[in-house]
Amino acid sequence: MNIKEKDSQYVAHTYARFPLEIVKGEGSLLWDDEGKEYIDMGSGIAVSALGSCDAGWIAAVEQQLHRVQHTSNLFYTAPQAELAEQLCKRTGMKKVFFGNSGAEANECAIKVARKYAAEKKGADYYTIITLENSFHGRTLATLAATGQEVFHRDFLPLMPGFSYAPANDLEAVKTLCKEQKIAAIMIETVQGEGGVLPLTAEFCQGLQRIAKEQDILLIVDEVQTGNGRTGMLYGYMNFGLNPDLVTTAKGLGGGLPIGACLLGERVEEVLTPGSHGSTFGGNPIAAAGAVHILSRIDDQMLSEVKEKSAYLMERFKDAEGIRSVSGMGLMLGLETERPAGEIVDRCRELGVLVLKAKEKVRLLPPLNIPMDLLEKAADAILQAAKGE
Ligand SMILES: *Cc1c(COP(=O)(O)O)cnc(C)c1O
């Protein structure tokens, strides 16, 4: 059996995979099992922030591999404490809980919100408002948080305690806050899986006001938008927000699994010994890599992300076959005249790997992709959009 047959026989069929086995990566390039080269415009869904096999990240991970690979959270380890310090210093948040994925980071935020509201306002204040078309993960709680019915089907009954409001509809949120007992409001500043749709600044600031006035927590899911992706360290920084909880994962580990739930001042003492935990969370190897990744996402890198974003916007705006461009930084969605799936397939033939989000072509290249590769990728995408 070849790899594709073996995978199909033995791996659960949860993914519609591209017909492609990736065997090697270097920076923003990937190679398949036949030696064909591709420009990586997906970063493994916004995970490989510095592309594949970045030398500095490898050195940080390798150094820790030779020290100790795992201790459990019964002991102190330096990489976890250092990563927490860096995350707090660069965001103004106060404490960090580490898990291993985006869904776990969101689970933590949901638990913190419930505990905070129960202690402060009463046990019936457990409802969290999330937005229609959002995506927060696949576990039962984060599935319920996700405001898209397609993901709910087959897994009912949903966990109670979530109410949905249309994105950018402040009145709808206000009504829910009046009619229900609300613990928190949870948003993605750019809805990624929902089609790369940024929220409006007005809506975000309105949510912030409501949250302050009514002692409701503001949770920002930065699993995809975080770690430099939007041109700021975290997406909420584009909107001048001051969230109580920030969750992140994907790009933070640069390819190794790690998730983090950042706790602001109002909630920094909510979690107490025994109230939450994770065996692998904040694993020293993943954390050592993440410390390096964060150190590389500096002002210089962030301004490069903005420049590359502006370049892509300029190339795609009003281009033949492209109806609109949405998103921020290096998280862009293209609404195309031809079906997105066709463009994804054609780009792959042309040696460029792009993704889909809903009916859009989604671009999530490594933050440090060199300009010449970005230009080549844009050429191929424009060619595919024209149907050539
Ligand atoms: C990917 C994603 C998640 C889920 O992350 P996992 O690591 O797959 O659990 C949650 N929220 C957002 C916004 C995401 O993009």
Side-chain angles (χ1 to χ4, degrees), residues 12 14-17 42-49 97-111 113 128-148 150-152 155 159 162 164 167 184-199 204 218-230 232 234-236 238-239 241 243 245-262 278 280-283 286 289-290 293 326-333 355-358 360 362-365:
T14 51
Y15 307 105
R17 298 198 204 277
S43 308
I45 321 184
V47 167
S48 307
F97 175 84
F98 290 107
N100 311 284
S101 67
E104 277 178 83
N106 286 336
E107 288 275 345
C108 177
I110 293 164
K111 283 180 75 172
I128 297 175
I129 298 174
T130 65
L131 301 182
E132 289 172 8
N133 200 43
S134 59
F135 183 83
H136 297 296
R138 307 279 196 162
T139 60
L140 284 168
T142 59
L143 192 68
T146 293
Q148 300 190 56
V150 285
F151 293 106
H152 297 165
F155 303 105
M159 194 181 103
F162 294 93
Y164 314 103
I185 302 168
M186 182 167 178
I187 58 169
E188 301 154 87
T189 52
V190 183
Q191 293 187 328
E193 303 304 311
V196 202
L197 299 168
L199 299 180
C204 288
L218 184 61
I219 307 173
V220 184
D221 178 343
E222 297 272 1
V223 173
Q224 190 162 155
T225 48
N227 313 300
R229 183 54 53 190
T230 67
M232 295 288 259
Y234 289 99
Y236 73 81
N238 295 288
F239 298 86
L241 297 179
L245 289 144
V246 175
T247 60
T248 192
K250 290 196 169 99
L252 181 61
L256 285 177
I258 190 165
C261 178
L262 281 56
S278 164
F280 283 119
N283 166 277
I293 296 280
S326 64
M328 295 178 95
L330 288 176
M331 179 176 179
L332 296 177
L355 305 173
K356 263 181 57 175
K358 287 270 178 78
K360 285 188 182 169
R362 175 167 45 158
L363 309 180
L364 295 162

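In each ligand, atom 1 is the first atom listed, and ligand 1 is the first ligand listed. Position 1 is the first residue of the sequence; numbering continues from there. Below, all heavy atoms of this structure are taken into account, side chains as well, without hydrogens, waters or symmetry copies.
Some N or O of Gln224 is nearer than 3.5 Å to an N or O of ligand 1, by distance alone. Distances between N or O atoms of Val223 and those of ligand 1 include no value under 3.5 Å. Geometrically, ligand 1 and Ala249 share no nitrogen or oxygen pair separated by less than 3.5 Å. Polar contact with ligand 1: present for Lys250 (N/O pair, distance under 3.5 Å).
Atoms OG1 and CE, on Thr139 and Met159 in that order, are 8.5 Å from each other to the nearest 0.5 Å. Atom CG in Leu199 sits 15.5 Å away from atom OH in Tyr236 (nearest 0.5 Å).
By the 6.0 Å contact criterion, CG on Leu256 is enclosed, its count of non-hydrogen atoms from other residues, nucleotides or ligands being greater than 12. Atom OH of Tyr164 is surrounded by more than 12 heavy atoms from other residues, nucleotides or ligands within 6.0 Å.
Inspection of the Asn238 and Thr230 side chains reveals an N or O donor paired with an N or O acceptor under 3.5 Å.
Taking every non-hydrogen atom of Asn106 and a distance limit under 4.0 Å, the qualifying atoms of ligand 1 come out as 10 (C), 11 (N). Of all atoms in ligand 1, listed by their number and element, those nearer than 4.0 Å to a heavy atom of His136 are 10 (C), 11 (N). For ligand 1 and Ser101, the ligand atoms under 4.0 Å from any heavy atom of the residue are 7 (O), 9 (O). Applying the 4.0 Å criterion to heavy atoms of Glu188 picks out, from ligand 1, the atoms 13 (C).
Of the candidates Arg229, Gln191, Glu193, Gln224 forms a side chain to side chain donor-acceptor pair (under 3.5 Å) with just one, namely Glu193. His136 pairs with exactly one of Thr142, Thr247, Asp221 by the side chain to side chain donor-acceptor pair (under 3.5 Å) rule, that one being Asp221.
The main-chain N or O of Leu332 is never found under 3.5 Å from a side-chain atom of Arg362 such that the two would form a donor-acceptor pair.
Of all protein heavy atoms, the one lying nearest to atom 9 (O) of ligand 1 is Ala103 N, 2.8 Å. In terms of protein heavy atoms, atom 11 (N) of ligand 1 is closest to Asp221 OD2, 2.8 Å.
Considering Gly137, Ala145, Gly102 only, the shortest heavy-atom separation from atom 5 (O) of ligand 1 involves Gly102.
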